[in-house]
Student: 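Input: one structure, supplied below.
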2 protein chains.
Amino acid sequence: MKQEHSGKNYRYSRQRERILEVLRSTESHPTASWLYDKLKPEFPRLSLGTVYRNLAILIDLGFARKIDAGSTFDRFEAKTEPHYHLICRKCGKIEDFEKHFFPEIDEEIRRSTDFDIEGHRIDFFGTCSDCNRKS
Amino acid sequence: MKQEHSGKNYRYSRQRERILEVLRSTESHPTASWLYDKLKPEFPRLSLGTVYRNLAILIDLGFARKIDAGSTFDRFEAKTEPHYHLICRKCGKIEDFEKHFFPEIDEEIRRSTDFDIEGHRIDFFGTCSDCNRKS
DNA sequence: TTTCTTATTAGTAATCGTTCCGATTATCGG
DNA sequence: CCGATAATCGGAACGATTACTAATAAGAAA
(Lines give C-alpha, C1' and ligand atoms only; values in the text may rest on other atoms or scores of the structure.)
Protein backbone atom coordinates (compact mmCIF):
# COMPACT_ATOMS: atom_id res chain seq x y z
CA MET A 1 0.00 0.00 0.00
CA LYS A 2 1.49 3.23 -1.15
CA GLN A 3 0.85 5.79 1.56
CA GLU A 4 1.43 9.13 -0.04
CA HIS A 5 -1.06 11.54 -1.46
CA SER A 6 -2.22 15.14 -1.21
CA GLY A 7 1.13 16.37 0.07
CA LYS A 8 0.99 14.24 3.22
CA ASN A 9 3.22 11.27 3.81
CA TYR A 10 1.78 8.70 6.14
CA ARG A 11 3.83 6.24 8.14
CA TYR A 12 3.09 2.56 7.90
CA SER A 13 0.74 1.14 10.50
CA ARG A 14 -0.31 -2.47 10.83
CA GLN A 15 -3.80 -1.44 11.95
CA ARG A 16 -4.35 0.69 8.86
CA GLU A 17 -3.14 -2.07 6.57
CA ARG A 18 -5.54 -4.57 8.12
CA ILE A 19 -8.46 -2.13 8.09
CA LEU A 20 -8.02 -1.75 4.35
CA GLU A 21 -7.64 -5.50 3.84
CA VAL A 22 -10.82 -6.27 5.76
CA LEU A 23 -12.66 -3.48 3.97
CA ARG A 24 -11.53 -4.93 0.65
CA SER A 25 -12.57 -8.43 1.64
CA THR A 26 -16.24 -7.63 2.10
CA GLU A 27 -19.09 -6.49 -0.10
CA SER A 28 -21.22 -5.40 2.83
CA HIS A 29 -20.31 -1.70 2.83
CA PRO A 30 -19.62 -1.88 6.54
CA THR A 31 -19.71 0.66 9.33
CA ALA A 32 -16.70 1.70 11.37
CA SER A 33 -17.83 -0.37 14.32
CA TRP A 34 -18.29 -3.47 12.14
CA LEU A 35 -14.65 -3.14 11.13
CA TYR A 36 -13.76 -2.57 14.76
CA ASP A 37 -15.52 -5.79 15.81
CA LYS A 38 -13.84 -7.75 13.03
CA LEU A 39 -10.36 -6.58 14.01
CA LYS A 40 -10.74 -6.53 17.79
CA PRO A 41 -9.69 -10.21 18.20
CA GLU A 42 -6.56 -9.52 16.19
CA PHE A 43 -5.77 -6.24 18.00
CA PRO A 44 -7.17 -6.66 21.51
CA ARG A 45 -6.35 -3.07 22.37
CA LEU A 46 -7.76 -1.59 19.17
CA SER A 47 -9.64 1.65 19.63
CA LEU A 48 -12.65 2.81 17.66
CA GLY A 49 -10.95 6.14 17.18
CA THR A 50 -8.15 4.37 15.37
CA VAL A 51 -10.64 2.86 12.93
CA TYR A 52 -12.20 6.24 12.23
CA ARG A 53 -8.88 8.01 11.87
CA ASN A 54 -7.53 5.41 9.48
CA LEU A 55 -10.69 5.36 7.39
CA ALA A 56 -10.25 9.11 6.95
CA ILE A 57 -6.64 8.56 5.92
CA LEU A 58 -7.59 5.78 3.51
CA ILE A 59 -10.19 8.08 1.96
CA ASP A 60 -7.56 10.80 1.64
CA LEU A 61 -5.26 8.28 -0.05
CA GLY A 62 -8.02 7.35 -2.46
CA PHE A 63 -8.32 3.76 -1.26
CA ALA A 64 -11.75 4.06 0.30
CA ARG A 65 -14.97 6.01 0.06
CA LYS A 66 -17.72 7.01 2.45
CA ILE A 67 -21.30 6.26 1.45
CA ASP A 68 -24.32 8.36 2.45
CA ALA A 69 -27.23 5.97 2.44
CA GLY A 70 -29.64 7.85 4.62
CA SER A 71 -28.69 6.08 7.83
CA THR A 72 -27.58 7.76 11.02
CA PHE A 73 -24.16 6.13 10.69
CA ASP A 74 -21.48 6.20 8.01
CA ARG A 75 -20.74 3.24 5.78
CA PHE A 76 -17.55 2.61 3.85
CA GLU A 77 -16.26 0.74 0.82
CA ALA A 78 -12.88 0.06 -0.73
CA LYS A 79 -14.05 -0.27 -4.33
CA THR A 80 -12.58 2.56 -6.32
CA GLU A 81 -13.82 1.77 -9.82
CA PRO A 82 -16.84 3.85 -10.85
CA HIS A 83 -20.09 2.15 -9.88
CA TYR A 84 -23.53 2.87 -8.49
CA HIS A 85 -25.45 1.61 -5.49
CA LEU A 86 -28.73 -0.22 -5.11
CA ILE A 87 -30.14 0.59 -1.68
CA CYS A 88 -32.90 -1.53 -0.18
CA ARG A 89 -35.52 0.61 1.53
CA LYS A 90 -36.60 -2.27 3.76
CA CYS A 91 -33.40 -3.80 5.14
CA GLY A 92 -30.86 -1.10 4.27
CA LYS A 93 -28.65 -3.45 2.30
CA ILE A 94 -26.37 -1.81 -0.27
CA GLU A 95 -25.37 -3.64 -3.42
CA ASP A 96 -22.87 -2.50 -6.00
CA PHE A 97 -23.95 -2.07 -9.56
CA GLU A 98 -21.25 -1.77 -12.18
CA LYS A 99 -22.83 -3.14 -15.36
CA HIS A 100 -23.64 0.33 -16.67
CA PHE A 101 -22.03 3.66 -16.08
CA PHE A 102 -23.34 6.86 -17.63
CA PRO A 103 -20.47 9.27 -18.16
CA GLU A 104 -22.49 11.21 -20.70
CA ILE A 105 -24.82 12.66 -18.11
CA ASP A 106 -21.97 14.76 -16.69
CA GLU A 107 -21.64 16.36 -20.13
CA GLU A 108 -25.36 16.90 -20.28
CA ILE A 109 -25.32 18.76 -16.98
CA ARG A 110 -22.15 20.73 -17.77
CA ARG A 111 -23.86 22.27 -20.76
CA SER A 112 -26.61 23.87 -18.71
CA THR A 113 -24.99 25.03 -15.49
CA ASP A 114 -22.01 27.07 -14.38
CA PHE A 115 -21.08 24.50 -11.78
CA ASP A 116 -17.68 22.97 -12.49
CA ILE A 117 -18.85 19.33 -12.50
CA GLU A 118 -16.28 16.73 -11.46
CA GLY A 119 -18.53 13.69 -11.33
CA HIS A 120 -21.74 12.24 -10.06
CA ARG A 121 -23.19 9.58 -7.85
CA ILE A 122 -26.35 7.62 -8.47
CA ASP A 123 -28.25 5.63 -5.89
CA PHE A 124 -31.16 3.45 -6.89
CA PHE A 125 -33.83 2.88 -4.26
CA GLY A 126 -36.10 -0.09 -4.08
CA THR A 127 -36.50 -3.50 -2.51
CA CYS A 128 -33.91 -6.24 -2.66
CA SER A 129 -34.79 -9.76 -3.76
CA ASP A 130 -34.51 -11.13 -0.21
CA CYS A 131 -37.06 -8.65 1.09
CA ASN A 132 -39.30 -9.20 -1.91
CA ARG A 133 -39.36 -12.92 -1.27
CA LYS A 134 -40.38 -12.42 2.35
CA SER A 135 -43.44 -10.27 1.62
CA MET B 1 -52.29 21.57 3.89
CA LYS B 2 -53.93 18.19 3.82
CA GLN B 3 -52.66 16.23 6.78
CA GLU B 4 -53.53 12.65 6.09
CA HIS B 5 -51.36 9.94 4.70
CA SER B 6 -50.07 6.46 5.45
CA GLY B 7 -52.99 5.62 7.71
CA LYS B 8 -52.20 8.37 10.21
CA ASN B 9 -54.32 11.46 10.58
CA TYR B 10 -52.45 14.44 11.91
CA ARG B 11 -54.01 17.35 13.73
CA TYR B 12 -53.40 20.86 12.56
CA SER B 13 -50.55 22.70 14.22
CA ARG B 14 -49.51 26.26 13.56
CA GLN B 15 -45.85 25.38 14.07
CA ARG B 16 -45.98 22.64 11.43
CA GLU B 17 -47.73 24.90 8.95
CA ARG B 18 -45.09 27.59 9.37
CA ILE B 19 -42.21 25.11 9.18
CA LEU B 20 -43.49 23.98 5.81
CA GLU B 21 -44.03 27.55 4.62
CA VAL B 22 -40.52 28.60 5.57
CA LEU B 23 -39.07 25.45 4.04
CA ARG B 24 -40.95 26.21 0.82
CA SER B 25 -39.78 29.81 0.80
CA THR B 26 -36.08 29.02 0.59
CA GLU B 27 -33.80 27.37 -1.92
CA SER B 28 -31.05 26.84 0.61
CA HIS B 29 -31.84 23.24 1.60
CA PRO B 30 -31.69 24.21 5.26
CA THR B 31 -30.91 22.29 8.41
CA ALA B 32 -33.37 21.78 11.25
CA SER B 33 -31.64 24.39 13.36
CA TRP B 34 -31.74 26.95 10.55
CA LEU B 35 -35.51 26.53 10.47
CA TYR B 36 -35.55 26.76 14.25
CA ASP B 37 -33.65 30.06 14.18
CA LYS B 38 -35.96 31.47 11.50
CA LEU B 39 -39.09 30.63 13.45
CA LYS B 40 -37.89 31.37 16.97
CA PRO B 41 -38.87 35.09 16.83
CA GLU B 42 -42.36 34.07 15.76
CA PHE B 43 -42.68 31.27 18.35
CA PRO B 44 -40.53 32.37 21.29
CA ARG B 45 -41.06 29.05 23.05
CA LEU B 46 -40.35 26.91 19.99
CA SER B 47 -38.36 23.80 20.69
CA LEU B 48 -35.85 22.15 18.37
CA GLY B 49 -37.54 18.83 18.99
CA THR B 50 -40.73 20.28 17.53
CA VAL B 51 -38.90 21.16 14.34
CA TYR B 52 -37.47 17.66 14.02
CA ARG B 53 -40.76 15.95 14.81
CA ASN B 54 -42.66 18.04 12.29
CA LEU B 55 -40.07 17.57 9.58
CA ALA B 56 -40.51 13.82 10.05
CA ILE B 57 -44.28 14.24 9.76
CA LEU B 58 -43.96 16.43 6.67
CA ILE B 59 -41.74 13.79 5.10
CA ASP B 60 -44.32 11.14 5.95
CA LEU B 61 -46.99 13.33 4.34
CA GLY B 62 -44.86 13.65 1.23
CA PHE B 63 -44.36 17.41 1.55
CA ALA B 64 -40.66 17.34 2.33
CA ARG B 65 -37.54 15.30 1.76
CA LYS B 66 -34.30 14.72 3.61
CA ILE B 67 -31.04 15.16 1.69
CA ASP B 68 -27.84 13.21 2.40
CA ALA B 69 -25.06 15.47 1.26
CA GLY B 70 -22.20 13.99 3.19
CA SER B 71 -22.40 16.40 6.10
CA THR B 72 -22.75 15.46 9.74
CA PHE B 73 -26.18 17.11 9.83
CA ASP B 74 -29.37 16.55 7.85
CA ARG B 75 -30.65 19.02 5.31
CA PHE B 76 -34.22 19.33 4.07
CA GLU B 77 -36.20 20.55 1.10
CA ALA B 78 -39.86 21.00 0.25
CA LYS B 79 -39.54 20.57 -3.52
CA THR B 80 -41.38 17.43 -4.52
CA GLU B 81 -40.97 17.45 -8.29
CA PRO B 82 -38.20 15.14 -9.53
CA HIS B 83 -34.87 16.91 -9.68
CA TYR B 84 -31.20 16.40 -9.00
CA HIS B 85 -28.66 18.20 -6.84
CA LEU B 86 -25.44 19.99 -7.59
CA ILE B 87 -23.26 19.87 -4.48
CA CYS B 88 -20.28 22.18 -4.11
CA ARG B 89 -17.27 20.37 -2.66
CA LYS B 90 -15.78 23.60 -1.36
CA CYS B 91 -18.61 25.45 0.40
CA GLY B 92 -21.21 22.69 0.70
CA LYS B 93 -23.89 24.64 -1.14
CA ILE B 94 -26.64 22.58 -2.74
CA GLU B 95 -28.40 23.77 -5.88
CA ASP B 96 -31.40 22.20 -7.53
CA PHE B 97 -31.14 21.03 -11.09
CA GLU B 98 -34.37 20.27 -12.90
CA LYS B 99 -33.60 20.93 -16.55
CA HIS B 100 -33.01 17.26 -17.30
CA PHE B 101 -34.36 14.14 -15.71
CA PHE B 102 -33.38 10.68 -16.85
CA PRO B 103 -36.25 8.26 -16.21
CA GLU B 104 -34.80 5.80 -18.70
CA ILE B 105 -31.91 4.86 -16.47
CA ASP B 106 -34.31 3.18 -14.05
CA GLU B 107 -35.39 0.92 -16.92
CA GLU B 108 -31.79 0.26 -17.81
CA ILE B 109 -31.04 -0.90 -14.27
CA ARG B 110 -34.25 -2.90 -13.92
CA ARG B 111 -33.24 -5.05 -16.84
CA SER B 112 -30.05 -6.25 -15.20
CA THR B 113 -30.86 -6.72 -11.55
CA ASP B 114 -33.47 -8.42 -9.41
CA PHE B 115 -33.85 -5.35 -7.22
CA ASP B 116 -37.33 -3.91 -7.41
CA ILE B 117 -36.28 -0.38 -8.43
CA GLU B 118 -38.60 2.44 -7.37
CA GLY B 119 -36.45 5.38 -8.36
CA HIS B 120 -33.06 6.96 -8.18
CA ARG B 121 -31.22 9.99 -6.94
CA ILE B 122 -28.32 11.71 -8.66
CA ASP B 123 -25.94 14.12 -7.04
CA PHE B 124 -23.38 15.99 -9.10
CA PHE B 125 -20.21 17.02 -7.34
CA GLY B 126 -18.03 19.92 -8.29
CA THR B 127 -17.35 23.55 -7.55
CA CYS B 128 -19.97 26.27 -7.63
CA SER B 129 -19.46 29.49 -9.59
CA ASP B 130 -18.94 31.53 -6.42
CA CYS B 131 -16.10 29.30 -5.26
CA ASN B 132 -14.61 29.18 -8.75
CA ARG B 133 -14.48 32.96 -8.90
CA LYS B 134 -12.65 33.17 -5.58
CA SER B 135 -9.79 30.86 -6.56
C1' DT C 1 -70.45 26.61 24.15
C1' DT C 2 -68.67 23.22 27.28
C1' DT C 3 -66.59 18.93 27.92
C1' DC C 4 -63.62 15.22 26.90
C1' DT C 5 -60.06 12.80 24.47
C1' DT C 6 -55.74 12.75 22.81
C1' DA C 7 -52.26 14.78 19.50
C1' DT C 8 -48.82 18.29 19.94
C1' DT C 9 -45.73 21.21 22.34
C1' DA C 10 -41.84 22.93 25.42
C1' DG C 11 -38.18 21.83 28.03
C1' DT C 12 -34.85 18.88 29.20
C1' DA C 13 -32.36 14.60 29.56
C1' DA C 14 -30.60 10.77 27.10
C1' DT C 15 -28.57 8.58 23.06
C1' DC C 16 -25.31 7.53 19.74
C1' DG C 17 -22.02 8.12 16.09
C1' DT C 18 -17.93 10.57 15.64
C1' DT C 19 -14.02 13.54 16.96
C1' DC C 20 -10.66 15.21 20.09
C1' DC C 21 -7.06 15.04 23.75
C1' DG C 22 -3.00 13.56 26.61
C1' DA C 23 0.09 10.02 27.56
C1' DT C 24 2.39 6.08 25.58
C1' DT C 25 4.20 3.38 21.73
C1' DA C 26 6.00 2.60 17.13
C1' DT C 27 7.94 3.99 12.68
C1' DC C 28 11.76 5.30 10.24
C1' DG C 29 15.49 8.57 8.74
C1' DG C 30 20.07 9.66 10.13
C1' DC D 1 20.95 2.72 18.08
C1' DC D 2 18.92 7.58 18.65
C1' DG D 3 15.91 11.14 18.06
C1' DA D 4 11.92 13.19 16.02
C1' DT D 5 7.35 12.75 15.48
C1' DA D 6 3.35 10.05 13.59
C1' DA D 7 0.10 6.65 15.25
C1' DT D 8 -2.08 4.33 18.98
C1' DC D 9 -5.07 3.70 23.13
C1' DG D 10 -8.45 4.95 26.34
C1' DG D 11 -11.58 7.90 27.61
C1' DA D 12 -13.73 12.34 27.65
C1' DA D 13 -16.06 15.69 24.80
C1' DC D 14 -19.00 17.01 21.10
C1' DG D 15 -23.02 17.69 18.19
C1' DA D 16 -27.04 16.21 15.88
C1' DT D 17 -31.03 13.79 16.82
C1' DT D 18 -34.40 11.28 19.66
C1' DA D 19 -36.98 10.24 23.79
C1' DC D 20 -39.55 11.46 27.93
C1' DT D 21 -42.97 13.99 30.82
C1' DA D 22 -46.06 17.46 32.17
C1' DA D 23 -48.67 21.17 30.18
C1' DT D 24 -51.29 22.86 26.22
C1' DA D 25 -54.41 22.89 22.41
C1' DA D 26 -57.07 20.73 18.42
C1' DG D 27 -61.23 18.96 17.31
C1' DA D 28 -65.14 15.78 17.94
C1' DA D 29 -69.24 15.11 20.53
C1' DA D 30 -72.76 16.50 23.71
Side-chain angles (χ1 to χ4, degrees), chain A residues 1-20 22-23 29-61 63-76 92, chain B residues 1-20 22-23 29-61 63-76 92:
Chain A
M1 170 171 61
K2 205 181 287 173
Q3 302 200 334
E4 47 189 88
H5 187 257
S6 66
K8 289 161 220 145
N9 204 350
Y10 297 106
R11 282 189 187 164
Y12 170 85
S13 110
R14 174 127 185 79
Q15 287 89 332
R16 184 181 312 142
E17 179 173 63
R18 291 292 296 136
I19 287 168
L20 181 56
V22 173
L23 187 57
H29 307 81
T31 63
S33 81
W34 185 93
L35 291 163
Y36 172 81
D37 291 341
K38 278 279 175 191
L39 287 167
K40 187 72 172 172
E42 190 176 334
F43 301 94
R45 315 193 46 186
L46 183 66
S47 145
L48 196 48
T50 298
V51 177
Y52 277 107
R53 187 168 15 77
N54 279 301
L55 283 168
I57 291 175
L58 290 169
I59 288 170
D60 179 53
L61 290 167
F63 292 130
R65 276 172 44 188
K66 195 186 286 193
I67 306 172
D68 308 310
S71 338
T72 57
F73 40 84
D74 292 341
R75 300 179 64 166
F76 300 87
Chain B
M1 169 169 60
K2 206 182 287 172
Q3 301 202 335
E4 46 189 89
H5 187 257
S6 66
K8 289 160 221 147
N9 204 351
Y10 297 105
R11 283 189 186 163
Y12 169 84
S13 111
R14 174 125 185 80
Q15 287 89 331
R16 185 181 310 144
E17 178 175 64
R18 291 293 295 136
I19 287 168
L20 181 55
V22 173
L23 187 57
H29 307 81
T31 62
S33 80
W34 186 92
L35 290 163
Y36 171 81
D37 291 340
K38 277 278 175 192
L39 288 166
K40 188 70 174 173
E42 190 175 335
F43 301 94
R45 314 192 48 185
L46 184 66
S47 146
L48 197 48
T50 298
V51 177
Y52 277 107
R53 186 168 17 77
N54 280 300
L55 283 168
I57 291 174
L58 290 169
I59 288 170
D60 179 52
L61 290 168
F63 292 131
R65 276 172 44 190
K66 195 185 284 194
I67 307 172
D68 308 309
S71 337
T72 57
F73 40 82
D74 292 341
R75 300 179 63 167
F76 300 88

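Below, read A as the first sequence line, B as the second, and so on, with proteins coming before strands; counting in each chain starts at 1.
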Student: Rounded off to whole Å, could you give me the OH-to-P distance for the A/Y10 and D/dT5 pair?
Tutor: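 Whole-Å distance recorded here is 18 Å.
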Student: Among D/dG10, C/dG11, C/dT9, which nucleotide has an atom closest to any side-chain atom of B/S47?
Tutor: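 From the listed options, C/dG11 comes nearest.
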Student: Would you indicate, yes or no, if C/dA26 has its OP1 or OP2 atom less than 4.0 angstrom from a side-chain nitrogen or oxygen of A/Q15?
Tutor: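 Indeed not, no polar side-chain atom of A/Q15 lies that close.
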Student: Closer than 4.0 Å, any side-chain N/O of A/T72 to the OP1 or OP2 of D/dA16?
Tutor: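 Result: no.
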Student: Select one nucleotide: of C/dT27, D/dG10, D/dA16, the one nearest the side-chain heavy atoms of A/R11.
Tutor: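 Nearest nucleotide to the side chain: C/dT27.
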Student: Taking only side-chain N and O atoms of A/R16, does any of them lie within less than 4.0 angstrom of OP1 or OP2 on D/dA7?
Tutor: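 A/R16 to D/dA7 OP1/OP2: side-chain N or O found under 4.0 Å.
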Student: Rounded to the Å, how far apart are A/L48 CG and D/dA7 P?
Tutor: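 Nearest whole value for this atom pair: 18 Å.
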Student: Output the distance between atom CZ (A/F76) and atom CG (A/L35), rounded to the nearest 0.5 Å.
Tutor: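 A/F76 CZ to A/L35 CG: 8.0 Å, rounded to 0.5 Å.
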Student: Taking CD from B/E17 and P from C/dT8, how many angstroms apart are they, rounded to a whole number?
Tutor: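 Result: 14 Å.
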Student: Among the nucleotides C/dA10, C/dT27, C/dT8, which one has an atom lying closest to any side-chain atom of B/S13?
Tutor: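 Comparing C/dA10, C/dT27, C/dT8 against the side chain of B/S13, the answer is C/dT8.
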Student: Rounded to the nearest angstrom, tell me the gap between atom CG in A/D74 and atom C1' in C/dT19.
Tutor: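 The answer, rounded to whole Å, is 12 Å.
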Student: Strictly below 4.0 Å: does B/R45 bring a side-chain N or O up to OP1 or OP2 of C/dG11?
Tutor: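 Yes, within the criterion.
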Student: Heavy-atom nearest nucleotide on DNA chain D for A/G49 versus B/F76: which residue maps closer to 5'?
Tutor: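 Final value for this comparison: A/G49.
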Student: In whole angstroms, how far is the C1' atom of C/dC20 from the CG atom of A/L55?
Tutor: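 After rounding, the gap between these two atoms is 17 Å.
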Student: When the distance from CG of A/L35 to P of C/dG17 is rounded to whole Å, what number comes out?
Tutor: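 It works out to 14 Å between those atoms.
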Student: So which heavy atom on A/A69 is nearest to which on B/D68, and how close?
Tutor: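 The answer is C-OD2, 4.1 Å.
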Student: Considering heavy-atom distances to DNA chain D, does B/R53 or B/R14 have its closest nucleotide positioned more toward the 5' end?
Tutor: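 Its nearest nucleotide being more 5', the pick is B/R53.
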Student: How long is the straight-line distance from CG of B/D74 back to OG1 of B/T31, given to the nearest 0.5 Å?
Tutor: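 Spacing of OG1 (B/T31) from CG (B/D74) equals 9.5 Å.
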Student: With a 4.5 Å heavy-atom cut-off, do B/E42 and B/R14 have their side chains touching?
Tutor: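 The answer is yes, as the side chains (C-beta and beyond) meet within the 4.5 Å cut-off.
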Student: Once you round it to whole Å, what is the distance between P of D/dA26 and CG of B/N54?
Tutor: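 Distance, rounded to whole Å: 13 Å.
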Student: For the atom pair OH (A/Y36) and CG (A/L55), what is the distance rounded to the nearest 0.5 Å?
Tutor: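 Rounded to the nearest 0.5 Å, the OH-CG separation comes to 14.0 Å.
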Student: Determine: side-chain N/O of A/N9 to OP1/OP2 of D/dA6, distance under 4.0 Å, yes or no.
Tutor: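 No.
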Student: Take atom CD1 of A/I19 and atom P of D/dC9, then tell me their distance rounded to the nearest Å.
Tutor: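 So the CD1-P distance, A/I19 to D/dC9, works out to 9 Å.
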Student: Which nucleotide in the list C/dG11, D/dA16, D/dA7 gets nearest to the side chain of B/F73?
Tutor: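 Nearest nucleotide to the side chain: D/dA16.
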